[in-house]
Amino acid sequence: MADANVVEANDGTISVASAFAAHQQVVQDRDHKFLTEAVGEAYKGVECGDGGPFGAVVVRNDEIVVSCHNMVLKNTDPTAHAEVTAIREACKKLNQIELADCEIYASCEPCPMCFGAIHLSRLKVQFSNLLASA
């Protein structure tokens, strides 16, 4: 346990990071893989003119359930953001309205509407600012 990284938060709670560097690398690689997919969806959406530069991927058990991009222009729907579209498609595909066993990876920080949809669907969220550096 000497190799563990202990962190104390302002509220006095303590968390212990994994003592295994290899485990941390696997998690980083996994997150990078899915965030890269979300960014790829963002580029795809722009290239085909469907909407703005936003992408989202819903993942369950380390497998992509759906990969979507912004569809605001294509659907003439201001609520067809990448995250909302991904949530709608994942719910249909999995035939459930709660996605607590899934994660959503987004190409950028969700807007308030998307954050609300993520919260209501119980998704775990990961987002990236990879587009800013592209």
Report summary line: Apart from V84 itself, members of its ILVMFWY cluster (side-chain separation under 4.5 Å) are M113

**Report entry** Neighbour count >12 (heavy atoms, 6.0 Å) for atom NZ, K124
**Finding:** yes

Query raised in the report: Do the side chains of L123 and V58 get nearer than 4.5 Å, heavy atoms only?
Result: yes

Report summary line: Rounding to 0.5 Å, atoms NZ (K92) and CD1 (I97) come to a distance of 14.5 Å

Report summary line: Tightest non-hydrogen contact, residues I118 and P110, listed as CD1-CG, 3.8 Å

**Report entry** Contact summary for L99 and C91, nearest pair of heavy atoms
**Finding:** CD1-SG, 3.8 Å

**Report entry** Side-chain heavy-atom pair D77, M71 within 4.5 angstrom cut-off
**Finding:** no

Query raised in the report: Is there any side-chain hydrogen bond (donor to acceptor under 3.5 Å, both in side chains) pair reaching into residues 55-73, and which pairs are they, with sequence neighbours excluded?
Result: R30-D62, E37-S67, E41-S67, E41-H69, D50-H69, R60-D101

Query raised in the report: Any donor and acceptor pair, going by atom type alone, linking the side chain of S107 with main-chain N or O of V39 inside 3.5 Å?
Result: no

Query - Flag side-chain contact, heavy atom, 4.5 Å: V59 against V65 - result: no

Query raised in the report: Measuring from T85:OG1 to K74:NZ, what's the distance to the nearest 0.5 Å?
Result: 11.0 Å

Query raised in the report: Between the main-chain N or O of A100 and the side-chain N or O of E98, is there a donor-acceptor pair closer than 3.5 Å?
Result: no

Query raised in the report: Hey, what do you get for CZ (R122) to SG (C102), rounding to the nearest 0.5 Å?
Result: 14.0 Å

Requested in this report: Measure the spacing between CD1 of I87 and CD1 of I104 and express it to the nearest 0.5 Å.
Outcome: 4.5 Å

Query raised in the report: Between CG of D29 and CZ of F34, what distance do you get to the nearest 0.5 Å?
Result: 11.5 Å

Query raised in the report: Quick one: does C108's side chain get under 4.5 Å of F54's, heavy atoms only?
Result: yes

Query - Nearest non-hydrogen partners of A38 and A106, listed with the distance - result: CB-C, 4.0 Å

Query raised in the report: Between A86 and A56, which heavy-atom pair has the shortest distance, and what is it?
Result: CB-CB, 4.0 Å

Report task. Might you point out which heavy atoms bring G55 and A42 nearest each other, and give the distance in Å? Result -> N-CB, 3.6 Å

Query raised in the report: Are S121 and R88 close enough that a side-chain donor and a side-chain acceptor fall under 3.5 Å?
Result: no

